[in-house]
Amino acid sequence: MRGLSCYKEVYAFYGVTKSHTRQFFGEILMTLLPTIKELLAMEPEGQKVVVRGWVRTKRETKQSVFIEINDGSCFSNIQGVVAASLPGKDTLKEALPGISTGASVEIRGTLIPSPAKGQKAEVSVQEIELIGEAPADRYPLQKKAHSLEFLRELAHLRVRTNTFGAVARVRNRMAFAIHQFFQERGFYYIHTPIITTSDAEGAGAMFQVTALDLEAIAKSGKPVDYEKDFFGKKAYLTVSGQLNVETYCQALSRVYTFGPTFRAENSNTTRHLAEFWMIEPEMAFVELEGNIAIATEFIQFLVSTALTDCAEDIAFFDQRVQPGLRESLEKVARTPFTHMTYTDAVRELEASRAEFEFTPYWGCDLQSEHEKFITEKIVGGPVVVTDYPKEIKAFYMKQNKDGKTVAAMDVLVPRFGEIIGGSEREWRLDLLEKRIDELDLPKEAYGWYLDLRRFGSTPHSGFGLGFERLLMFVTGMANIRDVIPYPRAARQADF
RNA sequence: UCCCCUGUAGCUCAGCUGGCAGAGCAAGUGGCUGUUAACCACUGGGUCCGGUGUUCGAACCACCGCGGGGGAGCCA
């Protein structure tokens with residue numbers, strides 16, 4: 001193990017004593033070395049540097065060896081150049097024991113302008129040290145392209161690849177940007193519960209949570225007595241934080257949740273996970289128009305942030321994963337979103353005379369083929385579709401005056417389809433109760449939810465955004481299992 | 001849950017109507033005056049997913065099982 005003592009060596013290498021490192025290097029070096037991202041941003045002037053990271057690739061010639069090191073701080077590697085005549089070593093082999101793809105190393109040398117094309121700066125290596133080996137005959141990642149399917153089986157190692165490193169950085173930046181967006185606009189971040197005893201949320205199959213000994217119950221042959229379970233009743237993992245966050249909305253005005261969500265649906269697709277992260281803002285005194293405006297601004301903020309702050313990673317995705325990605329994102333960031341009612345959208349679909357697997361008609365749920373057609377062919381850009389038939393939307397959505405539609409809104413984007421679903425909520429007690437009765441939902445389970453309409457009710461709106469789906473859209477990755485570190489799906493929960 | 005495709009070297013795949021197991025990349029060794037998906041040469045590398053059956057003979061055909069991928073539905 002290399003403890004803190006290793007910093008003594010680093011300080012010695014820099015020729016400074018620990019007593020004045022604070023002044024010499026600033027706070028960062030007291031605990032952390034400059035990252036490769038920081039080194040690459042420096043002007044190379046022959047300054048001494050220490051780099052720690054993992055070897056991505058090594059190229060050898062008779063005269064010198066080129067080692068590319070990555071520490072994950074950015075997409076780029078830093079190139080270390082080892083001259084054949086490294087002081088104190090007779091041969092390069094002696095100087096580079098076990099330095100292979102995947103190995104962790106420390107190099108010390110000087111940051112110099114690179115004489116060759118391909119990189120502005122490089123490290124002229126004076127000392128190199130193997131920290132952790134990665135023997136080539138056993139290390140599964142090679143210095144070549146691997147299929148995403150293969151890497152999915154190596155979820156613990158795949159983040160060491162270009163693609164998954166880039167996904168991880170974009171994921172981090174987008175998570176932070178989500179908080180930035182809402183915090184800057186006066187929203188409060190609410191932690192809604194993960195465990196719920198309400199099976200009435202109606203958003204899909206739920207995972208049951210229990211502390212009962214299932215095997216013992218099965219052996220006993222007796223029926224399950226949930227009064228003996230931990231909560232004294234059946235409990236589940238949440239499928240949505242919306243109903244809970246609405247209560248906080250009715251006190252803090254602007255709120256949002258951003259947390260894990262669970263669906264036990266046995267769906268095997270590139271767009272579904274059993275465990276995923278969802279963002280759900282909720283705004284009091286905001287009607288459908290305001291909801292649309294915020295949702296639009298939100299998507300454009302996130303896309304713009306990715307383009308500016310993750311430019312290097314996006315460039316990679318544009319080049320290797322989804323050609324045309326950057327242009328498509330730039331268009332979304334600057335194009336005003338078109339607004340269209342469901343009724344108009346269906347009319348356009350019918351008028352298009354395009355061949356669909358499911359023929360569109362008023363009252364039908366828009367299929368993904370319809371959504372893509374609307375945003376890509378009819379509009380040619382992002383579009384907000386509103387006022388859907390009440391039969392195909394949730395009970396809590398505000399009923400429109402026509403008696404047929406509700407104030408729902410879906411945001412559709414090219415290349416992906418629906419990315420946001422939301423609505424103005426029904427805030428009038430009588431209409432909400434009537435709808436619950438019509439749908440034969442268990443009204444007693446919604447007691448606290450109906451209280452919001454009994455006491456100080458307000459018009460309010462909100463929407464939901466699947467975080468992983470946002471990441472698919474921003475990165476161009478085609479499978480949702482590749483934008484989350486450890487995907488959980490039907491029959492898949494390894495690592 | 002339904003439908004389709006697929007499983008051969010570390011990886012990606014080829015392997016025709018059933019007849020001695022192949023390529024590229026990776027790895028190892030050697031070469032090369034600065035490489036950058038380095039390049040050139042050579043070398044090693046196989047439970048053809050598992051089981052059963054058909055056949056003189058099965059990677060190939062049939063059946064069962066397991067794994068992987070894609071699509072649909074559901075949805076975020």
Side-chain angles (χ1 to χ4, degrees), chain A residues 56-69 76-84 93 100-102 112-120 122 124 134-154 161-162 201-205 238-242 257-280 319-320 357-358 365-369 371 392-394 410-411 416-422 463-473 478-484 489-492 494:
Chain A
R56 280 296 175 79
T57 176
K58 182 179 68 174
R59 294 178 291 271
E60 297 180 64
T61 72
K62 195 175 188 181
Q63 298 304 315
S64 34
V65 178
F66 302 87
I67 300 167
E68 288 201 31
I69 298 173
S76 291
N77 306 321
I78 200 164
Q79 174 168 277
V81 185
V82 186
K93 275 195 201 317
S100 60
T101 300
I112 58 169
S114 178
K117 285 181 183 172
Q119 58 282 316
K120 191 178 88 177
E122 64 187 26
S124 176
D137 58 341
R138 276 165 282 160
Y139 183 60
L141 299 181
Q142 304 164 352
K143 58 174 201 176
K144 55 163 287 189
H146 288 293
S147 68
L148 297 173
E149 292 81 8
F150 173 66
L151 292 172
R152 234 167 263 157
E153 297 167 12
L154 299 170
T161 64
N162 286 335
E201 297 182 26
T238 182
V239 292
S240 163
Q242 187 201 313
T257 69
F258 181 10
T261 309
F262 308 88
R263 305 272 168 95
E265 235 106 47
N266 184 17
S267 51
N268 199 333
T269 77
T270 54
R271 299 154 74 88
H272 290 85
L273 289 170
E275 176 184 291
F276 61 99
W277 289 64
M278 187 154 65
I279 300 105
E280 293 170 295
Q319 206 171 12
R320 295 292 178 94
E357 193 181 337
F358 295 92
D365 209 349
L366 294 181
Q367 305 291 319
S368 54
E369 56 171 343
E371 292 174 342
I392 60 173
K393 289 292 183 183
D410 285 359
V411 179
F416 196 85
E418 181 186 334
I419 194 161
I420 276 181
F463 58 85
L465 169 70
F467 187 47
E468 284 75 19
R469 288 187 176 180
L470 169 79
L471 290 172
M472 291 174 76
F473 177 65
N479 193 317
I480 199 166
R481 296 169 196 212
D482 296 333
V483 296
I484 190 168
R491 308 181 69 79
Q492 180 174 44
D494 292 335

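Chain naming here is simple, since letters A, B, ... match the order of the sequence lines and numbering starts at 1 in each. Keep in mind it's a predicted model, so treat the numbers as computed, not measured.
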When the [atom1] atoms of [N] and [M] are considered, how many whole Å apart are they?
N     : M     : atom1 : value
B:U54 : B:G70 : P     : 38 Å
B:G10 : B:A26 : C1'   : 7 Å
B:G51 : B:A23 : C1'   : 31 Å
B:C60 : B:C20 : P     : 14 Å
B:C64 : B:G71 : P     : 26 Å
B:U55 : B:C66 : C1'   : 26 Å
B:C25 : B:A37 : C1'   : 10 Å
B:A14 : B:G7  : P     : 7 Å

Residue [X], side-chain atoms from C-beta onward, closest of [options]:
X      : options             : value
A:E153 : B:A76, B:G68, B:G73 : B:G68
A:Q142 : B:A26, B:A27, B:U35 : B:A26
A:E122 : B:A27, B:U35, B:G10 : B:U35

[X] [atom1] - [N] [atom2] separation (whole Å):
X      : N     : atom1 : atom2 : answer
A:E60  : B:A27 : CD    : P     : 10 Å
A:R59  : B:C40 : CZ    : P     : 15 Å
A:L141 : B:A27 : CG    : P     : 12 Å
A:R271 : B:C74 : CZ    : P     : 13 Å
A:H272 : B:U1  : NE2   : C1'   : 13 Å
A:I480 : B:G70 : CD1   : P     : 12 Å
A:L366 : B:C75 : CG    : C1'   : 14 Å
A:F473 : B:A76 : CZ    : C1'   : 15 Å

Please classify the nucleic acid contact of [X] as base, sugar-phosphate, or nothing, using heavy-atom distances under 4.0 Å.
X      : result
A:F358 : sugar-phosphate
A:A116 : base
A:S147 : sugar-phosphate
A:L273 : base
A:E468 : nothing
A:F276 : base
A:S114 : base
A:N266 : base
A:Q119 : base
A:R56  : nothing
A:R152 : sugar-phosphate

Base [N] paired with [X] side chain (donor-acceptor, <3.5 Å):
X      : N     : result
A:E149 : B:U6  : no
A:K62  : B:C32 : no
A:R469 : B:C75 : yes
A:H146 : B:C11 : no
A:Q492 : B:G68 : no

Exercise for the section: Identify the two heavy atoms, one from A:S100 and one from A:A136, that lie closest to each other, and give their separation to 0.1 Å. Expected result: OG-N, 4.5 Å
Problem - Which atom of A:A205 lies closest to which atom of A:V239, heavy atoms considered - result: O-CG1, 4.0 Å
Mind checking whether [X] and [Y] have side chains closer than 4.5 Å, heavy atoms only?
X      : Y      : answer
A:F276 : A:R263 : yes
A:Q142 : A:T101 : no
A:R469 : A:H272 : yes

Exercise for the section: Using atom types as modelled and distance alone, determine if a side-chain donor or acceptor of A:E122 lies under 3.5 Å from a backbone N or O of A:I112. Expected result: no
Counting only Watson-Crick pairs (N1-N3 plus N6-O4 or O6-N4) and G-U wobbles (N1-O2, O6-N3), all under 3.5 Å, who is the partner of [N]?
N     : value
B:G67 : B:U6
B:U33 : none
B:A27 : B:U43
B:A72 : B:U1

Fill in the blank from the handout: Checking A:K58, A:R56, A:R59 against A:E68 for side chain to side chain donor-acceptor pair (under 3.5 Å), the one that qualifies is A:R59
Handout entry: Side-chain N,O (A:T270) to OP1/OP2 (B:G71) below 4.0 Å
Key = yes
Exercise for the section: Report yes if a side-chain nitrogen or oxygen of A:N268 is closer than 4.0 Å to either non-bridging phosphate oxygen (OP1 or OP2) of B:G68; otherwise report no. Expected result: no
Fill in the blank from the handout: For residues 266-276 of chain A, the salt bridge (Lys or Arg N to Asp or Glu O under 4.0 Å) pairs (sequence neighbours left out) are none
Completion exercise
By nearest-nucleotide position on RNA chain B, the 5'-leaning member of A:E418 and A:R491 is A:R491
Completion exercise
Assign each of A:K144 and A:V81 the nucleotide of RNA chain B bearing its closest heavy atom; nearer the 5' end lies the nucleotide of A:K144
Exercise for the section: Start with the C-alpha gap between A:Q492 and A:R481, add the side-chain angles, then the distance that decides, and say whether side-chain hydrogen bond (donor to acceptor under 3.5 Å, both in side chains) holds. Expected result: CA-CA 10 Å; A:Q492 180 174 44; A:R481 296 169 196 212; 2.9 Å; yes
